[in-house]
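Chain identifiers are assigned alphabetically (A, B, ...) following the order of the sequence lines, protein sequences preceding nucleic acid strands; residue numbering begins at 1 within each chain.
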2 protein chains.
Amino acid sequence: MAYTVGQVAKVAGITVRTLHHYDEIGLLSPTGRSPAGYRRYDDADLERLQHIRYYRELGFPLEEIAAILDDPASDPAAHLRRQHELLTVRIRRLQEMVTAIEFAMEASKLNIPLNPQERFEVFGDADPDAYAEEAEQRWGGIEAYRESNRRVARYTKEDWLRIKAENEDWGRRFAEVMSSGAPADSPQAMELAEEHRQLISRGFYECSYEIHTGLADMYVGDPRFTEYYEKIRPGMATYLSEAIHANAISRA
Amino acid sequence: MAYTVGQVAKVAGITVRTLHHYDEIGLLSPTGRSPAGYRRYDDADLERLQHIRYYRELGFPLEEIAAILDDPASDPAAHLRRQHELLTVRIRRLQEMVTAIEFAMEASKLNIPLNPQERFEVFGDADPDAYAEEAEQRWGGIEAYRESNRRVARYTKEDWLRIKAENEDWGRRFAEVMSSGAPADSPQAMELAEEHRQLISRGFYECSYEIHTGLADMYVGDPRFTEYYEKIRPGMATYLSEAIHANAISRA
DNA sequence: GCTCCCGCCTGCCGTTACGGGAGGGTCAAG
DNA sequence: CTTGACCCTCCCGTAACGGCAGGCGGGAGC
C-alpha cells in the first residue's frame with residue numbers, strides 16, 4: 001500500500017517532476033518518507049491525486065484545486081459529483097463546437113462567406129468573457145495530430161476538385177429527379193438524399209442521420225444555404241430537406 | 001471588412017494582449033496597419049484566427065499551430081476536417097472519463113476500494129505517455145465551478161447519511177420483492193429498479209436509462225459489486241440487473 | 001563485500017502563453 | 001479643444017512544469 005514517486009507517476013500518467021512540484025507547493029505531499037528521504041505515497045494520497053487529475057483535466061489552476069480539496073465541507077463523493085457535472089457541461093460544449101465545424105464546413109463547400117460572429121460564437125457566447133484554453137501537449141498535440149493525419153489523409157487539389165465535381169454531378173441528378181415530378185419521399189429522391197449523406201461521409205466526416213437532418217434544417221433555415229440550392233433549381237432547398245428527413249426516418 | 005484589435009478580441013473571445021502576442025511571434029500578423037500604426041485585421045485574418053482558436057482548444061502549442069497553418073499542402077477545408085476528427089476523439093475520451101467517474105461513485109457509495117489502475121486507467125492507458133492537461137481558467141476554473149456548486153449544492157454529513165439510509169431502505173424493500181417470488185420483470189421489481197435509478201439521479205447525477213443499464217452490467221460483471229448485493233440477499237445482483245434492464249426496455 | 005545501474009534526492013535555470021501595467025500617442029464626440 | 005475610450009510599444013511577472021546537474025541509496029549479481 002506504499003508507492004514510490006516513480007510508481008505513482010507511472011500509474012497516474014504524469015512525470016516524477018510533476019509530483020515533486022505538487023509536493024513543493026503543498027498540493028500533494030506524500031504521507032511519509034523512507035529513512036533515506038524517499039517519498040512514500042499511500043492509498044489516500046492516490047485518491048487525492050485522482051481528484052487532482054480530474055480537476056486539472058477540467059482546467060482548474062493548482063491553487064484552486066488545493067483550496068477545493070482542503071475544504072472540509074466537501075467529501076470525496078461531492079468531488080465526484082462535481083466532476084461529473086463539469087465533465088458533462090464540457091462535453092456539451094465540445095459537441096456545440098463540432099456542430100459549428102460542420103456548419104463552417106458546409107459553408108466552405110458551397111463558398112458561402114461567414115461573418116465574424118459565426119466564426120466565433122461558439123467561443124464567445126458561452127460566457128461574457130471566456131478566454132483561451134490549453135490542453136495536454138503530447139497526446140493532444142503531436143500524437144493525435146498524427147493520428148488524425150493518418151485517417152483524414154492529405155487532400156490534393158485534384159481531390160478537392162473531384163469532390164466539387166461529384167457534388168455538382170449529384171446536384172444535376174437531384175434536379176432531374178425533381179423535374180420528373182417524383183415527391184420528396186419517393187425512393188429516387190431518398191436514394192439521392194442518401195448519396196448526399198455518403199458524399200459527406202466519404203469526403204469530410206462521418207455524417208450520421210442525425211447530423212444529416214441537422215444539415216437539412218440548416219438548408220431551409222439559413223438563407224445563404226437556401227439560396228445556394230434555390231439557384232440550382234427553385235424549390236430545391238425544401239425538397240432536399242424533406243428528402244433527407246424521409247430518408248433518415250426510413251433507415252431508422 | 002477591417003477590424004481593430006479590440007473588435008477582433010471581443011468577437012473572438014480573447015484579449016487584446018493575446019492578439020499582440022500572436023503578432024509578436026508571427027502566428028497572426030494583421031494584414032495591414034493604419035497610418036497611425038493601428039493593427040487592421042481583415043476577413044482572411046479572422047479565418048486564420050478561427051482555426052487558431054480551434055487548434056488551441058484542442059491543445060496544440062502555438063508554434064505547432066503556426067506550422068500547421070502555414071503548411072501549403074493543407075487548405076482551410078482540411079483544417080476543418082482535422083478539427084472535426086480531433087474534437088470527436090476528444091469527446092469520446094471525456095465520455096470515458098464520465099463513465100469512470102460513475103464507476104468511482106458507485107464504488108464510493110458501496111464502500112468498495114479501488115486499486116491504483118482503476119483510479120487512473122482513463123488517464124494513462126490512452127497513450128503510452130499521456131501527460132497533464134490545462135484548460136481555460138475563467139470559464140473552466142471559477143465560473144463553471146460556481147455554477148456547479150449552485151446546482152450540485154452542498155451536501156452535509158446528514159445529507160450523506162440520509163442517502164445511505166435511503167439506499168439501505170431500498171435494499172430491504174428490494175429483498176422483500178425477491179422473497180415474494182415475483183420475477184425480475186414483474187411490475188414490483190421494475191418499480192424498485194426505477195426507484196433505484198431515481199435515487200441516483202436525485203443524489204448524484206442525472207442517471208439515464210442507458211447509464212443505468214451500464215451500472216446493471218457492472219453489478220454482475222465486477223465481483224466487488226456483485227458481492228455487495230449478494231450479501232444483502234443471494235441472487236440479488238443478477239435479479240437487480242435483470243430488473244433494471246426490463247425497466248429500461250419498458251420505458252423506452 | 002564490491003560493483004553496477006537504476007531510481008531517488010535537492011537545487012536551479014528555461015519555457016510557454018500570456019496577464020498586467022507604465023508611459024505615451026490617437027480619434028471621434030461634444 | 002478637451003475628454004474618454006482605444007491604440008501603441010516596452011517590460012516585468014506568473015503558472016506549471018521540463019530538464020539537467022550533482023549526489024545519495026539499494027538490491028542484484030559477481
CD/B/Glu24: more than 12 non-hydrogen atoms of other groups inside 6.0 Å: yes
CD/B/Glu63: more than 12 non-hydrogen atoms of other groups inside 6.0 Å: no
Can you tell me how far [atom2] of [N] sits from [atom1] of [X], to the nearest Å?
X: A/His21; N: C/dT10; atom1: NE2; atom2: P; value: 15 Å
X: A/Arg40; N: D/dG25; atom1: CZ; atom2: P; value: 14 Å
X: B/Ile52; N: C/dC18; atom1: CD1; atom2: P; value: 10 Å

Beyond-backbone contact of A/Arg40 with A/Pro30, side-chain heavy atoms, under 4.5 angstrom: no
Under 3.5 Å: donor-acceptor pair, side chain of B/Thr88, backbone of B/Glu85: yes
Residues that A/Glu227 engages under side chain to side chain contact (heavy atoms under 4.5 Å, CB included), provided they are two or more places apart: A/Lys231
Short side-chain N/O contact to [N] OP1/OP2 from [X], under 4.0 Å:
X: A/Ser34; N: D/dG25; value: no
X: B/Tyr22; N: C/dA17; value: no
X: B/Thr15; N: C/dC18; value: no

Parallel, tilted or perpendicular: ring planes of B/His79 versus B/Tyr55, cut at 30 and 60 degrees: perpendicular
Under 4.0 Å protein heavy-atom contacts per nucleotide of nucleotides 4-10 of chain D, with B for base, S for backbone only and - for none: --BSSB-
Side chain of B/Glu63 - closest among D/dA16, D/dG18, C/dT16: C/dT16
